[in-house]
Amino acid sequence: MPGFPPPASPVGRGGAINGRIGDLTSDILQGRKPVSAWADGVATWKADGGDQIRDELEQALADRGDSMV
């Protein structure tokens, strides 16, 4: 479909990547995992394409004259 990233790209897998960090957040908040698990979870998110997703979001916002901060 035009305008949508291919499912194999990090952006196309964003739902799965973000879902895992969301699950980790819930696990930590509900006491199922220690807070110390956060650093590894973020490192995995970044390695799985999170950095690229963030970069593309920042670029898209910059292109339209907006920012994340």
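Numbering starts at 1 and runs along the sequence shown. Remember, predicted model here, so these are calculated numbers, not experimental data.
For the atom pair N18 CG and W45 CH2, the distance stands at 6.5 Å (nearest 0.5 Å). Between the CG atom of L29 and the CG atom of L24 there is a distance of 9.0 Å, given to the nearest 0.5 Å. With values rounded to the nearest 0.5 angstrom, L57 atom CG is found 9.5 Å from I53 atom CD1.
D55 meets the side-chain contact (heavy atoms from CB on, under 4.5 Å) test with E58; sequence neighbours excluded. Annotation: side-chain contact (heavy atoms from CB on, under 4.5 Å) contacts of S26 (sequence neighbours excluded): Q30, R32. Residues forming a side-chain hydrogen bond (donor to acceptor under 3.5 Å, both in side chains) with D51 (at least two apart in sequence, or on another chain): R54.
Here the closest heavy-atom approach between residue D48 and residue I17 is recorded as O-CD1, 3.1 Å.
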